[in-house]
Amino acid sequence: GCKTFAQDLIYPPGLHDDRIGGNASELPFDEGAITKMALHCSFEHFEGDSDIGYIRECVRVLAPGGRVVIVPLYLSDTYGIHTNPLKARENPDVFETDAVVGFIKGWSHPFGRTYDPAHLWSRVIANGRGLDFTLFSIQNAKQVDESCYVRYALLISKPPAFA
């Protein structure tokens with residue numbers, strides 16, 4: 001009975017039935033209109049400052065009591081960007097100067113971000129003013145399936161009495 005939407009850069013810009021085209025940091029919804037959102041295998045691909053913009057957009061569009069889950073969340077002790085060397089030449093401006101850039105030959109994605117604790121704080125948590133963040137460490141991923149690579153998930157909640 002709920003209305004669901006799929007959002008992606010590959011869709012035509014704007015809201016079309018149940019599809020939203022464009023950057024996830026500019027959602028076509030009123031303030032407080034969304035109760036639940038899920039990002040699966042996508043947040044790490046938010047290039048440039050789109051991760052920061054998305055978290056700020058969560059502050060705006062989430063209803064009090066609303067939640068967002070990000071699965072997986074990639075964490076490491078080093079802040080890094082992964083890319084295919086050929087893709088990196090197409091858009092070199094998306095790589096922050098403080099990130100270690102790792103080149104993966106044959107990787108199909110142009111951009112994949114791994115947060116260290118400092119960047120998780122400065123890029124994500126600090127931009128979610130008033131939101132609550134719960135980080136989950138997944139201990140039994142291989143029990144789900146041998147190919148399961150999820151190590152961390154992030155739950156973002158807007159308190160019911162959000163001011």
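Predicted model, so just to flag it, every value in this text is computed and none were measured. Only this structure's heavy atoms are used, side chains among them; waters, hydrogens and symmetry mates stay out.
With rounding to the nearest 0.5 Å, the separation of CG in Leu39 from CD in Gln7 is 8.0 Å. Atom CG in Asp116 sits 8.0 Å away from atom OG in Ser122 (nearest 0.5 Å). With rounding to the nearest 0.5 Å, the separation of OG1 in Thr114 from NE2 in His119 is 12.0 Å. Interatomic distance, Leu62 CG to Lys36 NZ, rounded to the nearest 0.5 Å: 9.5 Å. Within the model, atoms CZ of Phe103 and OG1 of Thr83 stand 7.0 Å from one another, a figure rounded to the nearest 0.5 Å. Atom OH of Tyr54 is separated from atom CE of Met37 by 3.5 Å, given to the nearest 0.5 angstrom.
Relative ring orientation between Trp107 and His45 is described as tilted, the plane-to-plane angle lying within the 30° to 60° band.
In this structure, the side chains of Pro159 and Pro64 stay at 4.5 Å or more apart for every pair of heavy atoms. The shortest side-chain heavy-atom distance between Leu135 and Leu75 falls under the 4.5 Å cut-off. For the pair Pro110 and Glu47, the minimum side-chain heavy-atom distance is below 4.5 Å. Under the 4.5 Å side-chain criterion, counting only non-hydrogen atoms from C-beta, Val150 is not in contact with Val144. Looking at Tyr115 and Leu154, their side chains never come closer than 4.5 Å, going by heavy atoms from C-beta outward. Counting heavy atoms from C-beta outward, Ile55 and Ile156 have side chains that approach closer than 4.5 Å.
No path of Ile, Leu, Val, Met, Phe, Trp and Tyr side chains, each step under 4.5 Å between heavy atoms, connects Val71 with Phe46, placing them in separate hydrophobic clusters. Linking ILVMFWY side-chain heavy atoms closer than 4.5 Å, directly or via other members, places Leu9 and Phe5 in two distinct hydrophobic clusters. The cluster map of Ile, Leu, Val, Met, Phe, Trp and Tyr, joined by side-chain heavy atoms under 4.5 Å apart, puts Phe43 and Trp121 in the same cluster. Using a 4.5 Å cut-off between side-chain heavy atoms of Ile, Leu, Val, Met, Phe, Trp and Tyr, with links allowed through other members, Ile70 and Phe136 fall into different hydrophobic clusters. Under the 4.5 Å side-chain heavy-atom criterion for ILVMFWY residues, no single connected hydrophobic cluster contains both Leu131 and Val69.
Just one residue in the list Leu120, Leu155, Val68, Val124 forms a side chain to side chain contact (heavy atoms under 4.5 Å, CB included) with Phe133, and that residue is Val124. Applying side chain to side chain donor-acceptor pair (under 3.5 Å) to Arg56 and the options Asp49, Asn127, Asp51 leaves one that passes, Asn127.
Contacts of His82 classified as ring pair (Phe, Tyr, Trp, His ring centres under 6.0 Å), with partners at least two apart in sequence or in another chain: none. Under the salt bridge (charged side-chain N to carboxylate O under 4.0 Å, His left out) criterion, Arg60 pairs with Glu57, not counting sequence neighbours. Partners of Glu44 by salt bridge (charged side-chain N to carboxylate O under 4.0 Å, His left out), not counting sequence neighbours: none found. By the side-chain hydrogen bond (donor to acceptor under 3.5 Å, both in side chains) test, Asp132 is found to be paired with no residue, residues two or more places apart in sequence or in another chain being considered. Judged as a salt bridge (charged side-chain N to carboxylate O under 4.0 Å, His left out), and not counting sequence neighbours, Asp8 has no contacts.
Remark: side-chain polar atoms of Lys158 are not paired, donor with acceptor, to backbone N or O of Arg67 under 3.5 angstrom.
Residue Pro117 comes nearest to Ser76 through the heavy atom pair CD-O, 3.6 Å, listed as atom of the first residue, atom of the second, then distance. Heavy atoms only, all atoms of each residue included: Gly32 and Ala63 are closest at O-CB, 3.2 Å. For Gly106 against Asn84, the heavy-atom pair with the smallest separation is N-ND2, 3.6 Å.
Other residues, nucleotides and ligands contribute at most 12 non-hydrogen atoms within 6.0 Å of the CG atom of Asp30.
For the residue pair Arg151/Tyr74, the side-chain donor-acceptor check at 3.5 Å is not satisfied.
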All N/O donor-acceptor pairs, side-chain side in residues 11-27, below 3.5 Å, sequence neighbours left out:
| residue | atom | partner | partner atom | Å |
| --- | --- | --- | --- | --- |
| His16 | NE2 | Pro13 | O | 2.7 |
| Asn23 | OD1 | Ser25 | N | 2.8 |
| Asn23 | OD1 | Ser25 | OG | 2.8 |
| Asn23 | ND2 | Ser50 | OG | 3.1 |

